[in-house]
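Here is the structure we will look at, set down as structure tokens.
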Amino acid sequence: MKRGFSFSVTVVVSAIVFIYFCTVFVFIDRWFGLMTSPGIMNAVAFTGVAFMCVLNYAYAILADPGRVPSSFMPDIEDPEVPIHEIKRKGGDLRFCQKCSCFKPPRAHHCRVCKRCILRMDHHCNWINNCVGHANYKVFFVFVVYAVIACIYSLILLVGSLTNNSQNDKQHSADTFRIAYVISGLLLVPLSVALSVLLGWHIYLILQNKTTIEYHEGVRAMWLAEKGGTVYKHPYDIGAYENLTTVLGPSIFCWICPFSRHIDAVTLQKKTITIVTTTDNRRGCKKRVL
């Protein structure tokens, strides 16, 4: 997939660079002094958080979110693939007319990327890429580090402003006023927006849903209530197992950008398993879309 210049990515990178330099060389320096022990400790800690944020952001941009193999062919007789998604009208297996291939469970066609994405969550303009099976975890971990970095920087900003030194007050009022104003205008809305986004994706992970599946589930729940039945998300296998499905089996690796469990996408006899083997505990045979 070829991708060119992205204005959104440029804006994000510029904001990260600006906030980092203001935090380290203005907020920490004005509050503690950059060469003091507290200053060095805070500078190192914030640099570590910023580095992990940039690393995850870069990987989310560059990683392929999950390509559907052209040779994929659903095998409804295969007992190892208990879940098959079918169309609401006609009951046929899902087929993408634009890609000319069958869609595996949880896959959707992205109009921006112009191809089908495994376990597609959404297309994110801020990373100029889809968020799918292969890069969902790294996207989530990026949001976690971004929230930590924004709140950490905001605390340092407020702390440096409350410095009681008369010289610091005068100096910051004259020289660093623009840096404080711009940083505040960036950090406050970013902290709120990213915290809401983080909370939303924590909810989705605990339910083992994607953003697309959440909206599909709202309609499915309404139809189920209308028909006198109870709708249950077919991929929900329990909160903890849902977490390990997305973030990995080891709790110590949850905030690391890379996990081998992502390689759970397997190709065997032209069938594809998108979710990890723990999802196969559910006995549902078909999921109607």
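Sequential numbering from 1 along the given sequence is applied to the chain's residues. Heavy-atom basis, side chains included; hydrogens, waters and symmetry copies ignored.
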* **Leu156 vs Phe32, side chain to side chain contact (heavy atoms under 4.5 Å, CB included): CA-CA, chis, key distance, verdict** => CA-CA 10 Å; Leu156 292 171; Phe32 303 105; 4.0 Å; yes
* Measuring from Leu34:CG to Thr36:OG1, what's the distance to the nearest 0.5 Å? -> 7.5 Å
* Any side-chain heavy-atom pair from Phe27 and Ser183 closer than 4.5 angstrom? -> yes
* Quick one: are Leu204 and His201 in side-chain contact, heavy atoms under 4.5 Å? -> yes
* **Joint hydrophobic cluster, Trp200 plus Val218, side-chain heavy atoms closer than 4.5 Å** => yes
N/O donor-acceptor pairs under 3.5 Å from side chains in residues 9-21, not counting sequence neighbours:
from	atom 1	to	atom 2	distance (Å)
Thr10	OG1	Ser6	O	2.9
Ser14	OG	Thr10	O	2.8
Tyr20	OH	Thr47	OG1	2.9

* Let me see the working for Tyr235 and Arg106 under side chain to side chain contact (heavy atoms under 4.5 Å, CB included), right down to the final yes or no. => CA-CA 10 Å; Tyr235 300 105; Arg106 315 187 80 175; 3.6 Å; yes
* Could you walk me through whether Lys103 and Phe95 pass the side chain to side chain contact (heavy atoms under 4.5 Å, CB included) check? -> CA-CA 5 Å; Lys103 292 181 182 178; Phe95 186 84; over 6 Å; no
* Does Leu185 share a hydrophobic cluster with Val26, counting links as ILVMFWY side-chain heavy atoms below 4.5 Å and allowing steps through other members? -> no
* Under a 4.5 Å side-chain heavy-atom rule over Ile, Leu, Val, Met, Phe, Trp and Tyr, are Leu190 and Val188 clustered together? -> yes
* Asked: Is there side-chain contact between Cys96 and Phe102, with at least one heavy-atom pair below 4.5 Å?
  -> no
* Donor-acceptor contact present, side-chain Asn128 to main-chain Ile61, <3.5 Å -> no
* Considering non-hydrogen atoms only, spot the tightest contact between Met52 and Ile255 and give its length. => CE-O, 4.3 Å
* Taking the six-membered ring for Trp, are the ring centroids of His122 and Tyr214 within less than 6.0 Å of each other? -> no
* Donor-acceptor pair between Asn125 and Ser8 side chains, under 3.5 angstrom -> no
* Over 12 foreign heavy atoms within 6.0 Å of CD1, Ile202 -> yes
* To do: Tell me, please, which residues at least two apart from Val230 pass side chain to side chain contact (heavy atoms under 4.5 Å, CB included).
  => none
* In terms of hydrophobic clustering (I, L, V, M, F, W, Y; side-chain heavy atoms under 4.5 Å; direct or indirect links), are Leu154 and Val196 co-clustered? -> no
* Got His233 and Glu213 here, is their nearest side-chain heavy-atom distance under 4.5 Å? -> yes
* Structure fact -> Tightest non-hydrogen contact, residues Cys124 and Phe139, listed as SG-CE1, 4.2 Å
* Look at atom CH2 of Trp254 and say whether more than 12 heavy atoms of other residues, nucleotides or ligands are closer to it than 6.0 Å. => yes
* **Nearest heavy-atom neighbours spanning Cys130 and Ile117** => SG-CG1, 3.9 Å
* Structure fact -> For Val141, the side chain to side chain contact (heavy atoms under 4.5 Å, CB included) test, sequence neighbours excluded, returns Asn56, Lys137, Tyr145
* To do: Output the distance between atom SG (Cys99) and atom CZ (Arg67), rounded to the nearest 0.5 Å.
  => 9.5 Å
* To do: Find the distance between CG (Asn242) and CD1 (Ile237) and round it off to the nearest 0.5 Å.
  => 5.0 Å
* To do: Check whether any side-chain heavy atom of Leu198 lies under 4.5 Å from a side-chain heavy atom of Leu194, and answer yes or no.
  => no
* So, the side chain of Asn129 versus the backbone of Pro65: is there a donor-acceptor pair under 3.5 Å, distance only? -> no
* Structure fact -> Note: Ala149 and Phe46 closest approach over all heavy atoms is O-CE1, 3.5 Å
* Asked: Does atom CD1 of Ile182 have more than 12 heavy-atom neighbours from other groups under 6.0 Å away?
  -> yes
* Structure fact -> Note: Asn135 and Ala63 closest approach over all heavy atoms is CB-CB, 4.0 Å
* Regarding Arg30 and the six-membered ring of Phe176, is the cationic atom NZ or CZ under 6.0 Å from the ring centre and inside 45° of its axis? -> no
* Under a 4.5 Å cut-off applied to non-hydrogen side-chain atoms, are Tyr180 and Cys22 in contact? -> no
* **Contact check, side chains of Tyr136 and Ile205, non-hydrogen atoms, under 4.5 Å** => yes
* To do: Check the side chains of Tyr152 and Asn42 for a donor-acceptor pair under 3.5 angstrom, ignoring hydrogens and angles.
  => yes
* **Nearest-0.5 Å distance that lies between atom CG in Leu157 and atom OG1 in Thr162** => 10.0 Å
* To do: Please examine the side chains of Cys110 and Met120, heavy atoms only from C-beta on, and report whether any two atoms are closer than 4.5 Å.
  => yes
* From Lys209 NZ over to Arg119 CZ, what is the distance, rounded to the nearest 0.5 angstrom? -> 12.0 Å
* **Expected output: side-chain Asp236 to main-chain Asn208 donor-acceptor under 3.5 Å** => no
* Asked: After noting the C-alpha distance and the side-chain angles of Arg111 and Lys98, does the key distance pass the side chain to side chain contact (heavy atoms under 4.5 Å, CB included) rule?
  -> CA-CA 10 Å; Arg111 291 176 293 179; Lys98 296 178 180 178; 4.2 Å; yes
* Donor-acceptor under 3.5 Å (Asp121 side chain, Val131 main chain) -> no
* Asked: What are the two closest heavy atoms between Ala60 and Ile127, and how far apart are they?
  -> O-CD1, 3.8 Å
* Structure fact -> NE2 of His108 to CG of Leu118, rounded to nearest 0.5 Å, is 11.0 Å
